[in-house]
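Worth knowing before you read on, the calculation uses all heavy atoms, side chains too, and leaves out hydrogens, waters and symmetry mates.
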Amino acid sequence: MLGVGKTVLVGALAARMYYLQILEGDKYKTLADENRISLRLLPPPRGRIVDRFGEPMAVNQQNFRVLLVSEQARDVGATLDVLGEIIPLTDFDRQRVAREIRRKRSFMPVTVRENLTWEEMARIHVNAPDLPGIMIDEGLARAYPYGGDAAHVLGYVAAVSEAELTDDPLLDLPGFRIGKGGIEKEFDLALRGKGGNSQVEVNALGRVIRELSREEGEPGAEVQLTLDVRIQELASRQLGEESGSCVVMDVHTGEVLAYAVQPSFDPNAFNRGLTPDEWKELVSNPKLPLTNKPIAGQYAPGSTFKMVVALAALEAGVIRPEQTVFCPGHMSLGSARFHCWKKGGHGSMNMTDALKHSCDVYFYEVAKRLGIDRINEMARRFSFGEPTGVGLSGERGGVMPSRAWKQAALGQPWHQGETLIAGIGQGYVLSTPLQLAVMTARIANGGVAVSPVLTRHVAAGRALKERPPPKAPDLGVSRTALQVIQRGMWEVVNAPGGTARKVKLPEELGEMAGKTGTAQVRRITKAERDAGVIKNEDLPWERRDHALFVCYAPFDAPRYACAVVIEHGGGGSAVAAPIAAAVMAETLRLDPSRRKPGDPVAGTGDAPPPPSPEKDA
């Protein structure tokens, strides 16, 4: 009986072993391998951002990081104290490390500091015997070679916040960065790339024993912009210490060649992590370096808006180009008096003269005959009152008032005096610098509704995803009316008495057409007016007028438009116009729409003159 019982038990054991090892062997082998082999995600290199000629504007550079493994450190606090004597460590760094150690297993490395310099890394290696648990890791970090010169268009990358987590496993990787503004944000998914993987052998506790295999990820796509970094740098330098922006665009394709903002910020600082003092300095600066002024800064366009009012008047037939209006220096409407910028007045002005001298009284009268709704209708054809669709988040549309707008927004009826003020680009009228550039381009190209474009193509591996040029419709404005406005803008720069006569281009570059603008940010009282003109430089910075200038060139074959807005800069002719003229002159010398870097420059005799664009393009 004992023998039979033993035989049964041994047979049952053998049958069970046969079942587990033979019949179910593959299954349990797979389960065992899954416990033994850990598959880990590897971050891919982020795609580059380059200018129109391939010049890198956002790249990846070698990044040395110092890591801490708590189980090897014996005393974490003492190790950090010693490390703090070798490289700078803030209280925030220590608190973050302590928080990460509590969240992770003791054998998992925790990042202490990133972006170490070569000297810092060398000091840590030399002192390695006194730093148990400390190791150096090498990775890639985002870098912006041109610093703040293109920060507002490129944006920056930073660590992923909890609100930004999605089902993308890359976002869970320690130290992974995503785009937080500008092109980095708009093309973040394409720039991220595809993660790789590493197979490592681990023990029962999950500790890595060795790496079995590695498959590198697919780098992110390369984004090519329409910017020319040479013009971008020049525009930033020309703005200097002023608070403002400069936009240059191709009047036929809409490609933006320069998108400069000052003051700016260093996007590299956001990647490494701002200190509290750096952040406080940025947010407390009254010149708002974090504001993307070409699309988010809203300003009264001032006299640069007079071209739109003149076009509306010609199209409506309320005045003829040769018809004159007498300017005695003011205009009365009821009991109110509306003043011209020139105290003694301009005398009799036709439309071309009024544009050349920027006569306010002429445009008060024209606006009075037009009415605000017809001004609104024409302004919207030239991009006012709605975003341009340039492709950057945070773009604002400005304000283009009408009777219906005021009733809906403020619950008040429209007054005729407000029409007069709108006729010189003041009052409720607000625009962005990019809208002013678009308006100028549409005037220059003969009334084609070109829209601004910042990207040329996105290249993913070998695949090139071209962005087809947008089909721009005609604005429906008569060529005759546009020629009158173009002639007036030419006289502003080139005729005696023009408000921008001092900024003519060098003769070899051709002629430029433009319009000055000075936008008040305060109301001038009767007492101030009776006492005489108060100079802008005598006022606090925040009470000074905004300075504006828009232009295009060459006049006989328009190719580029430029808009400059200087916050509280004073007069447009004195401050904004010289900046725009310098940028336009360099743009024409480089002529990026037709040449690549290194090609002969126009005016040297080594290159044929550029072809004229088709009149009906």
Side-chain angles (χ1 to χ4, degrees), residues 148-153 232 234-248 256 258-265 281-305 341 358 384 388 390 392 394-399 421 424-440 499-500 503 514-524 534-551 562-583:
D149 285 346
H152 293 85
V153 65
Q232 180 75 19
L234 174 75
S236 294
R237 298 291 82 78
Q238 286 294 322
L239 290 173
E241 299 299 319
E242 301 285 358
S243 175
S245 57
C246 173
V247 177
V248 179
V256 177
Y259 187 103
V261 184
Q262 288 294 343
S264 188
F265 61 91
E281 183 179 351
L282 285 173
V283 298
S284 62
N285 190 328
K287 294 185 178 181
L288 306 176
L290 295 177
T291 300
N292 196 342
K293 292 169 185 173
I295 60 171
Q298 298 186 115
Y299 315 89
S303 295
T304 62
F305 188 67
W341 69 268
S358 199
F384 290 93
T388 64
V390 70
L392 295 178
E395 183 176 13
R396 304 176 73 178
V399 176
I421 296 298
I424 62 168
Q426 297 269 178
Y428 293 114
V429 183
L430 293 175
S431 63
T432 66
L434 185 59
Q435 287 175 327
L436 294 176
V438 173
M439 171 201 71
T440 309
T499 55
V503 296
K515 183 71 187 77
T516 56
T518 302
Q520 291 177 202
V521 298
R522 64 188 181 91
R523 184 177 181 274
I524 301 176
I534 299 177
K535 295 182 179 180
N536 266 278
E537 54 267 27
D538 297 332
L539 294 169
W541 179 79
E542 66 276 5
R543 298 188 66 199
R544 299 174 187 174
D545 299 337
H546 294 321
L548 304 93
F549 188 73
V550 298
C551 60
C562 177
V564 173
V565 177
I566 304 299
E567 295 178 338
H568 310 293
S573 59
V575 180
I579 295 173
V583 173

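- Relative ring orientation between His152 and Phe265 is described as perpendicular, the plane-to-plane angle rising above 60° on a 0-90° scale split at 30° and 60°.
- Nearest heavy atom pair, residue Pro301 against residue Ser431, reads CB-OG, 3.6 Å.
- For CD of Glu281, the number of neighbouring non-hydrogen atoms (other residues, nucleotides, ligands) closer than 6.0 Å is 12 at most.
- For the pair Asn285/Leu290, no side-chain contact is recorded, criterion being any heavy-atom separation below 4.5 Å from C-beta on.
- The closest side-chain heavy-atom distance from Lys287 to Trp541 is below 4.5 Å.
- Scored by the side-chain contact (heavy atoms from CB on, under 4.5 Å) test, Ala150 finds Met57, Val153, Leu154, Gln232 as partners (sequence neighbours excluded).
- Ala437 approaches Ala563 most closely through the heavy-atom pair N-CB, 3.7 Å.
- Residue pairs satisfying the salt bridge (Lys or Arg N to Asp or Glu O under 4.0 Å) criterion with at least one member in residues 238-247, sequence neighbours excluded, are absent.
- In this view, Leu288 and Thr291 satisfy the side-chain contact (heavy atoms from CB on, under 4.5 Å) rule, not counting sequence neighbours.
- Between Gly297 and Pro433, the shortest heavy-atom contact is O-CD, 3.5 Å.
- Distance check, rounded to the nearest 0.5 Å: NZ of Lys515 to OG of Ser573 gives 9.5 Å.
- For Glu395, the side-chain contact (heavy atoms from CB on, under 4.5 Å) test picks out Ile295, Pro387, Thr388, Val390, Leu434, with sequence neighbours left out.
- Residues Leu436 and Phe384 meet the side-chain proximity criterion, which asks for heavy atoms closer than 4.5 Å.
- At least one side-chain heavy atom of Pro294 sits under 4.5 Å from a side-chain heavy atom of Val261.
- Annotation for Gly397 and Gln435: closest pair O-NE2, 2.9 Å, computed over non-hydrogen atoms.
- In this structure, Ala300 and Leu430 approach most closely via the heavy-atom pair N-CD2, 3.7 Å.
- Under the rule for a side-chain hydrogen bond (donor to acceptor under 3.5 Å, both in side chains), the partners of Ser243 that lie at least two apart in sequence or sit in another chain are Lys293, Glu567.
- Considering only heavy atoms from C-beta on, Thr304 stays 4.5 Å or farther from Tyr299 through its side chain.
- Minimum interatomic distance between Arg544 and Leu539 (heavy atoms only, all atoms of both residues): NE-O, 3.0 Å.
- Between the side chains of Ser358 and Thr499, no donor N or O sits under 3.5 Å from an acceptor N or O.
- In this structure, His546 contributes its side chain and His568 its backbone to a donor-acceptor pair below 3.5 Å.
- Distance alone, capped at 3.5 Å, is enough to place a donor-acceptor pair between the Thr518 side chain and the Gly572 backbone.
- In this view, Ile421 and Phe338, Gln426 satisfy the side-chain contact (heavy atoms from CB on, under 4.5 Å) rule, not counting sequence neighbours.
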